[in-house]
Protein chains: 2
Amino acid sequence: MLDPNANSLGSWREGSIKSAIFEFVRAVVTEGSSDYVAPADRVATFDNDGTLWVESPLYVEGYFLLDRVAELVRIDPALAKEPALAAVLARDMAALHRLGKRGIIELVMRTHTGMTTDEFDRIAHGWFERAIHPRWRRPFRECVYQPMLELIACLESHGFSVYMVTGGGADFARVISESAYGISRAHVIGSRSALSLLRRDGLIALSKLPELVSFDDRDEKPRNIHAHIGRRPILAFGNSDGDLAMLEYATGAAGRRAAFLLHHDDAERESAYDGDFQLSPLIRGLEEAKARSWNIVSMKRDFARVFSWE
Amino acid sequence: MLDPNANSLGSWREGSIKSAIFEFVRAVVTEGSSDYVAPADRVATFDNDGTLWVESPLYVEGYFLLDRVAELVRIDPALAKEPALAAVLARDMAALHRLGKRGIIELVMRTHTGMTTDEFDRIAHGWFERAIHPRWRRPFRECVYQPMLELIACLESHGFSVYMVTGGGADFARVISESAYGISRAHVIGSRSALSLLRRDGLIALSKLPELVSFDDRDEKPRNIHAHIGRRPILAFGNSDGDLAMLEYATGAAGRRAAFLLHHDDAERESAYDGDFQLSPLIRGLEEAKARSWNIVSMKRDFARVFSWE
């Protein structure tokens with residue numbers, strides 16, 4: 001049974017959002033309640049970029065891409081002539097934003113091809129070990145929102161299965177999902193590249209191909225949630241229009257359900273943007289939230305603290 | 001710590017296979033052992049048809065298809081003119097076997113189109129409630145191999161995450177995975193049809209399209225395992241050449257690993273077939289097993305009992 005006094009959401013300010021979370025969890029875990037949901041059906045899905053960790057001015061995976069392209073160009077300087085790669089090399093944020101999320105993910109897939117999934121895992125793991133976010137001057141894996149970690153832990157302690165559903169590459173997010181969020185690699189749903197089987201000397205590996213086979217954004221999120229989990233979530237949390245279909249799916253059926261959108265409105269402690277963030281804007285979501293009684297979480301108002309290091 | 005005296009594999013006969021299972025589990029769960037595997041990495045993948053439940057003379061999903069097509073033809077008799085559907089209607093086993101597993105799965109997808117995943121779930125659930133296996137005269141969900149249920153339970157009690165990786169439809173297998181095997185719907189990986197989002201009156205559902213987007217057989221099994229789990233299994237269990245790539249993947253890397261193939265060699269208690277089973281033959285597997293030291297499980301020799309009702 002949920003004990004709000006346990007203060008498991010210590011980094012959330014008292015207010016309507018924190019109350020709504022506690023009220024929702026209490027309702028679905030209380031046996032005999034008309035809103036009771038059996039543990040197996042307590043599925044919660046969270047977007048990653050901008051929901052669990054920072055995404056502005058550039059996705060974490062975008063910074064990973066910058067370093068990767070610089071390395072590739074050191075090996076083969078001719079690559080610098082390609083316009084998209086030249087923009088990456090020049091760290092031209094306007095050009096990068098014009099690529100959109102899909103364009104960035106496609107470049108990540110394209111620049112990590114011909115290697116096995118194990119090799120990619122090692123490369124990304126090594127990068128997370130040493131790379132520092134240029135704005136926060138902290139390792140990227142620390143640039144996660146403390147209130148969201150507490151919410152995930154609160155849900156899991158109440159029998160929820162928590163999944164990450166990211167537009168970013170699943171292989172990339174899995175490198176840090178367990179250490180940064182406590183979310184199992186198997187609970188990461190994300191964009192995927194094609195794979196081929198590489199057999200050598202009785203061993204077998206999966207080789208990453210440049211082709212993006214699933215861009216896990218917008219309508220693809222519910223499709224991938226069904227393919228992966230086989231159950232409709234009862235809670236979904238996102239921060240951009242790319243998450244709307246997931247929120248619609250979580251709330252668009254009978255029974256007690258809840259949806260949340262994190263609004264980045266805290267220029268002082270983090271960032272303030274919504275419709276103007278070209279990579280992944282939040283425009284329709286703010287209207288839909290009103291029409292559908294979804295919860296708009298204001299970072300400024302509802303987060304008592306943003307990062308763990310504060 | 002594993003206690004072989006607990007006799008958790010009571011339906012397995014004493015012998016080299018039962019010993020190999022106990023020895024493998026003991027090795028990977030013993031801290032300090034050179035073969036120790038952390039719980040998060042204890043991933044085991046099981047084929048379904050012919051591995052966990054019966055598949056001869058026809059897949060369970062094939063019988064489901066027979067009933068479905070009969071129903072569709074009652075509504076639209078013109079359908080009976082289509083050769084593939086006519087073969088299904090006539091219960092022409094030779095013609096059905098010639099369709100192969102893929103052909104049968106494609107027909108299941110084609111004959112369950114224009115309905116939502118929730119509707120399919122209800123249809124399949126209702127079918128399992130009333131349908132009886134014509135050979136065993138038992139509900140289909142009881143036609144599972146008791147020793148395999150015990151093996152799954154044994155692995156789970158030792159910290160393994162157990163997944164089903166079936167060439168059959170994931171939506172179909174999920175209907176009984178929890179009640180028949182204790183395998184969560186989220187741990188079912190299988191063949192999938194395309195989905196479209198159906199929005200109506202603020203609700204949203206996933207509509208099944210006739211197109212097969214992933215036939216989860218042969219090389220597609222390791223690809224789907226990676227997409228879904230993000231970890232390489234350390235144990236894989238199958239029964240046909242369609243499972244070879246999964247067994248190669250589970251065993252084709254460093255560390256302690258194990259692979260098993262169930263050989264249907266028990267005409268008296270179940271069935272005796274391998275290379276002659278046209279739907280899903282076992283030919284190369286028997287050779288590879290010798291070359292790679294995989295375990296061939298003889299139903300006749302190693303199963304003390306086949307079904308729970310014996």
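Each chain gets a letter, A, B and so on, in the order its sequence line appears, and its residues count up from 1. As a basis for the values below, the full set of heavy atoms in this structure was taken, side chains included, without hydrogen atoms, waters or symmetry mates.
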query = Which heavy atom of Gly169(B) sits nearest a heavy atom of Ile105(B), and at what distance?
reply =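 Minimum heavy-atom contact is N-CD1, 4.0 Å.
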query = Nearest heavy-atom pair of Leu197(A) and Pro222(B): which atoms, and what distance?
reply =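 It is CD2-CG, 3.8 Å.
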ask   = Between Arg257(A) (side chain) and Pro233(A) (backbone), is there a donor-acceptor pair under 3.5 Å?
value =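 Side chain of Arg257(A) to backbone of Pro233(A): a pair is present.
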query = Can you list the steps and then say if Glu106(B) with Arg110(B) is a salt bridge (charged side-chain N to carboxylate O under 4.0 Å, His left out)?
reply = CA-CA 6 Å; Glu106(B) 275 174 340; Arg110(B) 262 195 56 207; over 6 Å; no
request  = Have a look at Phe46(A) and tell me which of Leu262(A), Leu151(A), Thr166(A) forms a side chain to side chain contact (heavy atoms under 4.5 Å, CB included) with it.
outcome  =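 Among Leu262(A), Leu151(A), Thr166(A), the one that satisfies the side chain to side chain contact (heavy atoms under 4.5 Å, CB included) with Phe46(A) is Leu151(A).
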key: Candidates Val162(B), Leu149(B), Val188(B) - the one meeting side chain to side chain contact (heavy atoms under 4.5 Å, CB included) with Tyr181(B)   =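 Considering Val162(B), Leu149(B), Val188(B), a side chain to side chain contact (heavy atoms under 4.5 Å, CB included) with Tyr181(B) is found only for Leu149(B).
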query = Salt bridge check: are Asp47(B) and Lys221(B) linked by an N-O gap of less than 4.0 Å?
reply =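 Salt bridge flag = yes for Lys221(B) with Asp47(B).
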ask   = Could you go step by step and tell me if Leu235(A) and Thr45(A) meet the side-chain contact (heavy atoms from CB on, under 4.5 Å) rule?
value = CA-CA 6 Å; Leu235(A) 183 154; Thr45(A) 52; over 6 Å; no
ask   = Do Ser214(B) and Glu220(B) have side-chain atoms, one donor and one acceptor, less than 3.5 Å apart?
value =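 Short answer, yes.
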ask   = Is there a side-chain contact between Val144(B) and Ile176(B) (heavy atoms, below 4.5 Å)?
value =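 Side-chain contact under 4.5 Å: no.
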In terms of heavy-atom pairs under 4.5 Å, which option from [options] contacts chain A the most?
options                                    : result
Asp171(B), Val43(B), Asp201(B)             : Asp171(B)
Arg199(B), His187(B), Arg292(B), Arg192(B) : Arg199(B)
Glu178(B), Arg200(B), Arg185(B)            : Arg185(B)

query = What residues of residues 236-251 of chain A sit under 4.5 Å from chain B when only non-hydrogen atoms are counted?
reply =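 The stretch touches chain B at Ala245(A), Glu248(A), Tyr249(A).
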ask   = By number, which residues in residues 223-231 of chain A have some heavy atom less than 4.5 Å away from chain B?
value =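 Only Arg223(A), His226(A), Ala227(A), His228(A), Ile229(A), Gly230(A), Arg231(A) of residues 223-231 of chain A have a heavy atom under 4.5 Å from chain B.
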query = Which class fits the ring pair Trp127(B) and Phe172(B): parallel under 30°, tilted 30 to 60°, perpendicular over 60°?
reply =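 Taking Phe172(B) first and then Trp127(B), their aromatic rings sit tilted (interplane angle of 30° to 60°).
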